[in-house]
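The first residue in the sequence is number 1, and the count goes up from there.
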Amino acid sequence: MDHHSEKSAALREMADRFPAGQAPPPLPPLPPLPPVVPAEGQTEKDWLAAVARVRAQHDIAALEGNRLSGYDDRERVAVGSVTFHQVPVPGGGTVTARAYRPEGPGPFPAVMVLHGGAWWLAGGAVNFDANDITCRRTCVDAGVIVVNLDHRLAPEYPWPHQTDDVLAGLRWLAADPDGLGIAGDRLAVLGMSSGGNLAASAVLQTHLSGGPQVRVQVLQAAPLDLTGGSESLATDPVFAMIAPLVRDIYLQGRVEPSDPRVSPLLAEDLAGMPPTALFVGTEDALRDDSRRYAARLKEAGVPVELHEFVMAHSIAPEEVVDAVFALTAKTLRQYLHD
């Protein structure tokens, strides 16, 4: 049996656990990966256009996955306000943030949401559309200001631009320069997939540097060891083949994959890290990253919750999505509301 057949069989087994009519969509064809640098004789303009074309293919597939899964059919619950902001980042530029504010005078705790996309896609308008429902639900269910922070994308902007943007975003939240009514001493991060990696990496750095303090981190299907050291990767040969290619698009040789700044699971000491909630799928090739991170945090005396569900990396039945929403809100309320 080839890998695609094995993966399809796993998804069929998952489908048996879905409610009637809620089977996961079929596996899409794999689009190409972007060129990391301009080809010989290629102008930067043509290279950027080539990257944009490939990124668009992946972004369309991600949005279609949301539609097929039924995620887009969920109610976009009303919040007090939704506003866009420009967050200054190192180098003199800005990145865009979309803020969701509950009804009421505040101040409110704030949660930074970091999108997935393998550090190189699903940014900008795609991010804001794809994660709008998650941001609204988190805002209402947890009673927090949610700030969906965009970040610069590889390969045009390799590491450390992404982490720099997240750190700048945390400082921006703590300072609240736009007067959103943020309680700067009650901050959290919620990262999905590569966004979970950026969240954990940034929180580790803020912990070591003394601030801004993050009270709790919520990591969903996060890659936490970029060396590929988790045994579960071997259960998905295609994922295992692609993972180092995507990693190299992100890092581009600027840092070793074992560096804790990109592989927070490998940090020498995790004592003093904030309470952590991890969400992982039993069919996700990255599942052991979360399990290993949970074990290390527990050994370091950090309060940790590990939630495992029958789902793949980005495919989950409706009941699982609802459970993740509920548990996320419960965790955020526990640590952010005094």
> Out of Leu121, Leu153, Val54, which one pairs with Pro34 under the side-chain contact (heavy atoms from CB on, under 4.5 Å) rule?
Replying inline: Val54
> If you measure only the distance, is there a donor-acceptor pair under 3.5 Å linking the side chains of Glu308 and Thr282?
Replying inline: no
>> For Pro257, is there any backbone N or O sitting under 3.5 Å from a side-chain donor or acceptor partner on Thr227?
In response: no
>> Here's a test for you: under side-chain contact (heavy atoms from CB on, under 4.5 Å), which of Val262, Asn197, Val95, Leu198 qualifies with Gln162?
In response: Leu198
> Going through the checks in order, is the side chain to side chain contact (heavy atoms under 4.5 Å, CB included) test met by Glu256 and Arg261?
Replying inline: CA-CA 9 Å; Glu256 291 295 324; Arg261 290 175 295 175; over 6 Å; no
> Linking I/L/V/M/F/W/Y whenever any side-chain heavy atoms sit under 4.5 Å apart, do Val79 and Phe84 land together?
Replying inline: no
>> Clusters formed by hydrophobic residues whose side-chain heavy atoms approach within less than 4.5 Å: which one holds Val51, and what are its other members?
In response: Trp47, Leu48
> Where do Glu319 and Val321 land on the side chain to side chain contact (heavy atoms under 4.5 Å, CB included) test, with the steps shown first?
Replying inline: CA-CA 6 Å; Glu319 69 225 29; Val321 176; over 6 Å; no
>> Check whether Thr138 reaches the backbone of Cys135 with its side chain - one donor and one acceptor, N or O, closer than 3.5 Å.
In response: no
>> Walk me through whether Thr94 and Val89 qualify under side chain to side chain contact (heavy atoms under 4.5 Å, CB included).
In response: CA-CA 5 Å; Thr94 62; Val89 295; 5.6 Å; no
> Hey, what do you get for CE (Met273) to CG (Leu270), rounding to the nearest 0.5 Å?
Replying inline: 6.0 Å
> What is the ring orientation for Trp119 with Tyr250, classed by angle as parallel under 30°, tilted 30 to 60°, or perpendicular over 60°?
Replying inline: parallel
>> I'd like to know if Val324 and Val146 are part of one continuous hydrophobic network [Ile/Leu/Val/Met/Phe/Trp/Tyr, side-chain heavy atoms within less than 4.5 Å].
In response: yes
>> Applying salt bridge (charged side-chain N to carboxylate O under 4.0 Å, His left out), can you list everything that pairs with Asp164, at least two apart in sequence or on another chain?
In response: none
> Taking atom types as modelled, is there a side-chain donor on Arg292 or Ser230 under 3.5 Å from an acceptor on the other?
Replying inline: yes
>> Which heavy atom of Leu233 sits nearest to which heavy atom of Gly228, and what is that distance?
In response: CD1-CA, 3.5 Å
> Ala271 and Ala300: which non-hydrogen atoms are nearest, and at how many Å?
Replying inline: N-CB, 3.6 Å
>> Checking the side chain of Asn131 only, and the main-chain atoms of Thr134 only, is there a donor and an acceptor separated by less than 3.5 Å?
In response: no
>> Between Ser194 and Gly117 (side chain of the first, backbone of the second, donor and acceptor by atom type, cut-off under 3.5 Å), is there such a pair?
In response: yes
>> Could you tell me if Tyr293 and Asp225 have a donor-acceptor pair between their side chains, going purely by distance under 3.5 Å?
In response: no
> Are any side-chain N or O atoms of Asp176 and backbone N or O atoms of Gly181, one a donor and one an acceptor, separated by less than 3.5 Å?
Replying inline: yes
> Closest heavy-atom contact between Val140 and Ala78?
Replying inline: CG2-O, 3.5 Å
> Does a side-chain heavy-atom distance below 4.5 Å link Leu278 with Val304?
Replying inline: yes
>> In terms of relative ring orientation, are His115 and His151 parallel, tilted or perpendicular, with 30° and 60° separating the classes?
In response: parallel
> Regarding Gln213 and Thr206, is there a side-chain donor-to-acceptor distance under 3.5 Å anywhere?
Replying inline: no
> Does any non-hydrogen side-chain atom of Arg215 lie less than 4.5 Å from one of Leu187?
Replying inline: no
> Side-chain heavy atoms under 4.5 angstrom apart, residues restricted to Ile, Leu, Val, Met, Phe, Trp, Tyr: same cluster for Val214 and Leu204?
Replying inline: yes
> Thinking salt bridges, do Glu156 and Arg55 make one under a 4.0 Å N-O criterion?
Replying inline: yes
> Which heavy atom in Leu219 sits nearest to a heavy atom in Ala199, and how many Å separate them?
Replying inline: CD2-CB, 3.9 Å
> Do Thr43 and Asp46 come close enough that some side-chain heavy atom pair is under 4.5 Å?
Replying inline: yes
>> Does this structure show an ion pair linking Asp288 with Arg291, if we count only N-O contacts that are shorter than 4.0 Å?
In response: yes
> Between Arg136 and Ile133, is there a donor-acceptor pair closer than 3.5 Å when you use the side chain of the first and the backbone of the second?
Replying inline: no
> What are the two closest heavy atoms between Ala168 and Pro90, and how far apart are they?
Replying inline: CB-CD, 4.2 Å
>> Is there a side-chain hydrogen bond (donor to acceptor under 3.5 Å, both in side chains) between Asp132 and Tyr100? Walk through the geometry before answering.
In response: CA-CA 9 Å; Asp132 182 58; Tyr100 299 74; 2.7 Å; yes
> Between Phe128 and Leu180, is there a shared hydrophobic cluster once you connect ILVMFWY residues whose side-chain heavy atoms come closer than 4.5 Å?
Replying inline: no
> Does OH in Tyr157 sit with more than 12 non-hydrogen atoms of other residues, nucleotides or ligands closer than 6.0 Å?
Replying inline: no
> Between the main-chain N or O of Pro274 and the side-chain N or O of Thr276, is there a donor-acceptor pair closer than 3.5 Å?
Replying inline: yes
> When rounded to the nearest 0.5 angstrom, what distance separates OG1 in Thr83 from NE2 in His85?
Replying inline: 2.5 Å
>> With clusters defined by side-chain heavy atoms of hydrophobic residues (ILVMFWY) lying less than 4.5 Å apart, directly or transitively, does Val246 cluster with Leu114?
In response: yes
>> Nearest 0.5 angstrom please: Trp172 CH2 to Leu167 CG, how far?
In response: 15.5 Å
> Any side-chain heavy atom of Arg98 sitting closer than 4.5 Å to one from Val82?
Replying inline: yes
>> Using the rule given for salt bridge (Lys or Arg N to Asp or Glu O under 4.0 Å), can you reason through Arg137 versus Asp141, listing the C-alpha separation, both sets of side-chain angles and the distance that settles it, and then say yes or no?
In response: CA-CA 6 Å; Arg137 282 288 302 269; Asp141 294 351; 2.9 Å; yes
> So, Glu299 side chain and Arg296 main chain: donor-acceptor pair closer than 3.5 Å or not?
Replying inline: no
>> Under a 3.5 Å distance rule, please check whether Arg101 uses its side chain to pair with a backbone N or O of Phe108 as donor and acceptor.
In response: no
>> For Val147 and Val111: C-alpha separation, side-chain torsions, deciding distance, then whether side chain to side chain contact (heavy atoms under 4.5 Å, CB included) applies.
In response: CA-CA 6 Å; Val147 175; Val111 178; over 6 Å; no
>> Taking atom CD as the centre, does Gln86 end up with more than 12 heavy-atom neighbours from other residues, nucleotides or ligands that are less than 6.0 angstrom away?
In response: yes
>> Quick test of your reading: applying ring-ring contact (aromatic ring centres under 6.0 Å, His included), list the pairs with at least one residue in residues 173-210, sequence neighbours left out, ordered by first then second residue.
In response: none
